[in-house]
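Notes to accompany the following structure.
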Amino acid sequence: MSLRIASWNINSIRARPHLIQQLVADHDIDILCLQETKCEDNAFPRAAMEALGFRHFNLAGQRMHHGVAILSKLPLEPVYRYDWQANGEARHIAVRLPSGVVLHNVYVPAGGDIPDRALNPKFGQKLDFLSRMTDWSGALGESSIILGDFNIAPHPEDVWNHKALLDVVSHTPVEVEALTNLRESHNWVDLGRRFVPVPERLYTWWSYRASDWQASNRGRRLDHVWASPDIASTATALHTLVPARSWERPSDHVPLVAEFDL
DNA sequence: ATGGTGGTAAAACCA
C-alpha cells in the first residue's frame with residue numbers, strides 16, 4: 001500500500017483552510033499531520049476538511065496556541081497523546097496505520113529568543129522537552145514514524161548562515177546536541193537528509209519578517225520526518241514544497257510530503 | 001545593531 005503523509009505547521013487552521021485545499025488539490029495526500037492549529041477541538045473546521053476528502057480526525061487542540069491534528073482519508077486507530085512537559089500544552093498526537101506502524105505528530109516548543117536557561121525559562125523548557133522525548137523515544141518498541149515542527153535546524157546546511165545562527169535559538173549547539181540525542185535514542189532515520197543529502201541546502205521555514213523571502217532566502221530546516229530504522233527503506237520520497245511559501249496568506253512553514261510503501 | 005510580520009483576541013504574548 002502506498003501512503004502519502006504530509007506534515008505542515010499551518011499557523012492557524014481557521015486562518016488558512018485555503019492552503020489545505022491547495023495542498024490536497026496539487027498532491028494526493030492520504031494523511032495530513034498539522035501543527036499550530038490554534039483552535040480547540042470543538043472549533044476545528046471539520047466540514048471544510050471533510051469536503052477535501054478527510055473523514056477521520058484525531059485532534060489535540062487548545063485555545064490560542066499550539067495544537068496538533070491528524071486528518072486522514074482512511075480510518076486510523078488512535079494511540080495516545082503525550083505531554084512531555086506535563087503542563088497541558090497540546091503538542092503531540094499519535095495514530096496507528098493499517099500496517100501497524102505508529103505515526104507521531106509533534107510540535108516542539110520554539111524556545112523563546114535568548115538561548116540561555118537562566119535568562120529565558122522557555123529555552124530551558126525546550127531542552128527539557130527534548131530530553132524527556134529522548135527518554136520516551138529510547139523505550140519505543142514499535143515500528144514508528146515521527147514528524148512535525150521540531151523547531152531545530154541541525155546541520156550547517158539546514159540554515160542560510162551557520163555562523164550567524166550559532167547563537168540564534170533553533171541552531172545553537174546545545175539544541176543541535178539535544179536533537180542528535182533524540183535521533184540516536186531510537187536510531188531514527190532523518191528522511192529529509194536521506195533524500196537531499198548534505199551539503200545541499202534544504203529549508204522548510206522562512207520568517208514573515210522579510211520583505212522578500214525568496215530574494216533574501218534566509219531559511220531554516222525546522223520541520224522533519226523521521227522513520228525508525230526497520231521501516232526506513234519503505235520511504236520512497238520526501239518532497240519539501242517550497243513554492244507553498246508563496247501561496248496566498250501563507251504559513252511561514254512549507255509542507256513536507258513523504259511517500260511510504262506501507 | 002535593529003527591526004522587520006503575522007495570529008489570537010482584544011492588550012500583550014507568542015512565533
Side-chain angles (χ1 to χ4, degrees), chain A residues 7-23 33-45 48-49 59-69 83-85 87-92 105-117 119-130 147-154 158-161 163-172 174-175 178-179 203-224 242-256:
Chain A
S7 174
W8 201 357
N9 179 321
I10 194 65
N11 187 18
S12 170
I13 178 76
R14 286 176 295 176
R16 305 183 206 288
H18 59 290
L19 296 185
I20 311 279
Q21 192 278 330
Q22 180 85 41
L23 172 69
C33 300
L34 298 173
Q35 304 90 36
E36 282 209 90
T37 52
K38 294 187 173 177
C39 75
E40 292 176 299
D41 295 346
N42 61 15
F44 196 88
M49 297 298 111
L59 307 178
Q62 69 178 88
R63 182 179 152 84
M64 288 182 59
H65 298 300
H66 324 309
V68 290
D83 181 357
W84 288 284
Q85 300 176 115
N87 67 358
E89 292 182 357
R91 295 182 176 277
H92 169 266
N105 178 16
V106 181
Y107 176 49
V108 173
D113 288 332
I114 305 168
D116 183 323
R117 238 182 217 286
L119 299 175
N120 168 25
K122 288 179 183 299
F123 191 70
Q125 287 161 12
K126 179 180 193 175
L127 296 177
D128 292 344
F129 186 100
L130 289 159
L147 55 71
D149 177 3
F150 295 179
N151 264 316
I152 297 175
D158 292 334
V159 296
W160 67 278
N161 185 327
K163 284 185 181 170
L165 272 72
L166 278 173
D167 60 353
V168 172
V169 173
S170 72
H171 193 59
T172 63
V174 65
E175 290 170 275
L179 192 68
Y203 312 139
T204 66
W205 173 90
W206 290 260
S207 172
Y208 285 124
R209 303 172 190 176
S211 52
D212 185 333
W213 73 273
Q214 251 169 333
S216 56
N217 195 25
R218 297 185 169 189
R220 307 179 200 170
R221 188 170 72 105
L222 304 180
D223 302 273
H224 303 274
V242 174
R245 186 62 180 76
S246 288
W247 292 354
E248 190 182 349
R249 280 176 289 123
S251 169
D252 43 357
H253 296 252
V254 297
L256 307 182

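Each chain gets a letter, A, B and so on, in the order its sequence line appears, and its residues count up from 1.
dT2(B) and dG6(B) are spaced 23 Å apart, taking the P atom of each and rounding to whole Å. The same atom, P, is picked in dG4(B) and in dA9(B); the two are 24 Å apart, to the nearest Å. Look at the P atom in both dG7(B) and dG3(B): the space between them is 22 Å, to the nearest Å.
With rounding to the nearest 0.5 angstrom, the CG atom of Asp83(A) is 7.5 Å from the CD atom of Glu89(A).
A straight line from CG of Leu34(A) to P of dG7(B) spans 16 Å, rounded to a whole angstrom. For the pair His66(A) NE2 and dT8(B) P, the computed distance is 14 Å after rounding to whole Å. If you take CZ of Arg209(A) and P of dC14(B), they are 13 Å apart, rounded to a whole angstrom. Rounded to whole angstrom, the span from the CD1 atom of Ile114(A) across to the C1' atom of dT2(B) amounts to 15 Å. The distance from atom CG of Asp252(A) to atom C1' of dC14(B) is 12 Å, rounded to the nearest whole Å. Atom NZ of Lys38(A) and atom P of dA9(B) are 10 Å apart (whole Å). In this entry the distance linking CD of Glu36(A) with C1' of dG7(B) reads 9 Å, nearest Å. The distance between atom NE2 of His253(A) and atom P of dG7(B), rounded to the nearest whole Å, is 13 Å.
Glu36(A) and Asn9(A) share a side-chain donor-acceptor pair at under 3.5 Å. Under 3.5 Å, the side chains of Gln85(A) and Asp128(A) contain no donor-acceptor pair of N or O atoms.
Looking at every heavy atom in both residues, Asp149(A) comes nearest to Leu222(A) through OD1-O, 3.6 Å.
Backbone-only engagement by Arg16(A) is indicated by non-hydrogen atom pairs under 4.0 Å involving sugar-phosphate atoms exclusively.
Nucleotides of DNA chain B nearest to Arg14(A) and Lys122(A) differ in position, and the one nearer the 5' end is that of Arg14(A). Taking the nucleotide of DNA chain B with the nearest heavy atom to each of Asn151(A) and Thr37(A), the more 5' of the two is matched to Thr37(A).
Applying the 3.5 Å distance criterion, the base of dA9(B) shares no donor-acceptor pair with the side chain of Arg63(A).
Within the 4.5 Å cutoff, no side-chain heavy atoms of Ser207(A) are placed close to those of Arg218(A).
As the counterpart of dA15(B), dT5(B) is assigned, both hydrogen-bonding distances of the Watson-Crick or G-U wobble pattern falling under 3.5 Å.
Distances shorter than 4.0 Å separate none of the side-chain N or O atoms of Ser211(A) from OP1 or OP2 on dG4(B).
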